[in-house]
Amino acid sequence: MPRASLLDTRRITFNEIQSLFKKAIEFRELQKQFGSFVSPDQKNQSKVIACLFFEPSTRTRMSFQMAAYRLGHQVLAMELAASSSLSKGETYLDTVLNVLAMRPDALVIRYGESKELDEALPQLETPIINGGSGTTAHPTQALLDAFTIQEAFGSVKDKKVLIVGDIQHSRVARSNFDVLSKLGAKIGVSGPSGFLPNEQTITQYGISVFNDLNEGVSWCDVYMGLRIQLERHAASELKLASLDEYHQRFGLNQPRLKLLKENAIILHPGPINHGVEFAHEVAQDPRNRVLTQVANGVLIRAAVLS
């Protein structure tokens, strides 16, 4: 892969995805042997990775940092606006340009809706890795999700992946549509009508829509839950009587766990709202791979950084 930015998954090919997966597996083996992603005989070529997270994050931020440390790199991190000059009125773009003026070797960034950053980031010379942008893209999350599926089944091809919840506002879903379709998966969705992708997206990726979630649960090999993106909704868009009602209609509960195939796996990008997307029993279900996703996130993000 060229030394370039990773802002979304559209430019990544099937072969490049598999190359990243292969590198992730190599890092897992190196960690078992040496406790690191580099062997003792490898010359240390430490880089400085800047991390700018303008939105809250636990898994993405810390897994990028862990990946960088395991590779022998150093991390320059800024988390939220309150601890920076953003609280004094500095713009997101000014913050990015000032950090890049310090000459880091790469920048990992997460931000909300920002046309200014959307337009500026592709023009920058420093390699930029998108750690989640607005409702549009989360490339490394989609890559680690697909890697987790491939590890579970040996291949993503022809696997039936059901994505449930607030899909319309999910950057995770958008990137997953692209990566999973390139790897040959069959994609289904389910959720309230206002949460589903538009007709153009459904047609583009050949998505199956399940108005009856029970039917979708019986169909799928992979169940991927998404949280309701309350921070990205206009008040008029939310027409749920209660979160309890949402859980009854679109949550993975005990009756639906019984409908799910024995060899299926359960995914969620986090954070999980227990009792909303998932019943509490899901955490103990042997098909749950949520913590495996977290572990794989370090490997995939290390592969991207490398």
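Everything numeric here is computed off the predicted structure, so don't read it as measured data.
In this structure, L144 is a member of the same hydrophobic cluster as M66, with clusters built from ILVMFWY side-chain heavy atoms closer than 4.5 Å. Cluster annotation: L20 is connected to L30 through the hydrophobic network of ILVMFWY side chains, with a link wherever side-chain heavy atoms come within less than 4.5 Å. Each of I300 and Y69 belongs to its own hydrophobic cluster when Ile, Leu, Val, Met, Phe, Trp and Tyr are linked at side-chain heavy-atom distances under 4.5 angstrom. In terms of hydrophobic clustering, with Ile, Leu, Val, Met, Phe, Trp and Tyr side chains grouped at heavy-atom distances under 4.5 Å, F27 and I25 are assigned to a common cluster. In terms of hydrophobic clustering, with Ile, Leu, Val, Met, Phe, Trp and Tyr side chains grouped at heavy-atom distances under 4.5 Å, L124 and V48 are assigned to different clusters.
At distances below 3.5 Å, at least one donor-acceptor pair connects side-chain atoms of S190 with backbone N or O atoms of F210. Remark: side-chain polar atoms of S306 are paired, donor with acceptor, to backbone N or O of A303 under 3.5 angstrom. The closest donor-acceptor contact from the side chain of S175 to the backbone of V172 lies at 3.5 Å or more, if one exists at all. Q293 places a side-chain N or O within donor-acceptor distance of the main-chain N or O of H268, the cut-off being under 3.5 Å. Listed for the H73 side chain is a donor-acceptor partner under 3.5 Å among the backbone atoms of K47. The backbone N or O of G191 lies less than 3.5 Å from no partner atom in the side chain of R249, so there is not a single donor-acceptor pair. Put simply, the side chain of T203 never gets that close to the backbone of Q200: no donor and acceptor are under 3.5 Å apart. A distance-only check finds no donor-acceptor pair linking the side chain of K186 to the backbone of S208 [under 3.5 Å]. In this structure, the side chain of R287 engages the main chain of L260 through a donor-acceptor pair within 3.5 Å. Without hydrogens or angle criteria, N253 side chain to R256 main chain gives a donor-acceptor distance under 3.5 Å.
Between atom CG of residue L196 and atom OG1 of residue T201 there is a gap of 11.0 Å, rounded to the nearest 0.5 Å. The distance from the CG atom of N130 to the CG atom of D118 is 9.0 Å, given to the nearest 0.5 Å. In this structure, CD in E55 is found 10.5 Å from CD1 in I109, a value given to the nearest 0.5 Å. Going from atom CZ of F195 over to atom CD1 of I228 covers 5.0 Å, rounded to the nearest 0.5 Å. Remark: D94 CG to E116 CD distance equals 7.5 Å, nearest 0.5 Å. Note that OH of Y92 and CG of L97 are 15.0 Å apart. Values are rounded to the nearest 0.5 Å.
Contact check on K32 versus E26 returns no salt bridge, with no Lys/Arg side-chain nitrogen under 4.0 Å from an Asp/Glu carboxylate oxygen. Ion pair R227/D166 not flagged as a salt bridge, since none of the NZ, NE, NH1 or NH2 atoms sits closer than 4.0 Å to an Asp/Glu carboxylate oxygen.
Under the 4.5 Å side-chain criterion, counting only non-hydrogen atoms from C-beta, L162 is not in contact with M224.
When all heavy atoms are compared, the tightest approach of K261 to W219 is NZ-O, 3.3 Å. Summarising the geometry of I149 relative to L180, their closest heavy-atom pair is CD1-CD2, 3.9 Å, with the distance given to 0.1 Å. Closest of all the heavy-atom pairs between V75 and A68 is CG2-CB, 3.6 Å. Across all non-hydrogen atoms, the minimal contact from L71 to V38 is O-CG1, 3.9 Å. Smallest separation of non-hydrogen atoms from T95 and E90: OG1-OE1, 2.8 Å. The minimum heavy-atom distance linking F278 with H247 is given by the pair C-CE1, 3.8 Å.
Judged by the 6.0 Å and 45° rule, K159 forms a cation-pi pair with F153.
When only modelled atom types and interatomic distance are considered, E151 and N296 share no side-chain donor-acceptor pair under 3.5 Å. Inspection of the S63 and R301 side chains reveals an N or O donor paired with an N or O acceptor under 3.5 Å. Side-chain contact of H138 with R174: a donor-acceptor pair under 3.5 Å is absent, judged by distance alone.
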* Check the pair R110, T60 against side-chain hydrogen bond (donor to acceptor under 3.5 Å, both in side chains), reporting the backbone distance first and the verdict last. => CA-CA 9 Å; R110 167 175 286 199; T60 303; 3.1 Å; yes

* **Worked check of side-chain hydrogen bond (donor to acceptor under 3.5 Å, both in side chains) between S36 and Q31** => CA-CA 5 Å; S36 172; Q31 185 173 0; over 6 Å; no

* To do: Test salt bridge (Lys or Arg N to Asp or Glu O under 4.0 Å) on R10 and D178 and set out the steps.
  => CA-CA 7 Å; R10 288 176 294 179; D178 186 56; over 6 Å; no

* Given T148 and R289, is the side-chain hydrogen bond (donor to acceptor under 3.5 Å, both in side chains) satisfied, shown in steps? -> CA-CA 8 Å; T148 303; R289 297 290 188 278; over 6 Å; no

* Asked: Between Q248 and D244, does a side-chain hydrogen bond (donor to acceptor under 3.5 Å, both in side chains) hold up when you go through it step by step?
  -> CA-CA 6 Å; Q248 291 302 315; D244 286 338; over 6 Å; no

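Atom CD of E281 has more than 12 heavy atoms from other residues, nucleotides or ligands within 6.0 Å.
Taking the ring centroids of F54 and Y111, they lie at or beyond the 6.0 Å cut-off.
Taking the six-membered ring where tryptophan is involved, the planes of H280 and H274 are essentially parallel, since the angle between them stays under 30° and well short of 60°. In this pair, Y205 and F177 present their aromatic rings tilted. The plane angle is within the 30 to 60° band.
Taking F64 as the reference, nothing meets the ring-ring contact (aromatic ring centres under 6.0 Å, His included) condition, with sequence neighbours excluded. In this structure, the side-chain contact (heavy atoms from CB on, under 4.5 Å) partners of N15, at least two apart in sequence or on a different chain, are T13. Scanning for side-chain contact (heavy atoms from CB on, under 4.5 Å) contacts around V294 gives R59, with sequence neighbours left out.
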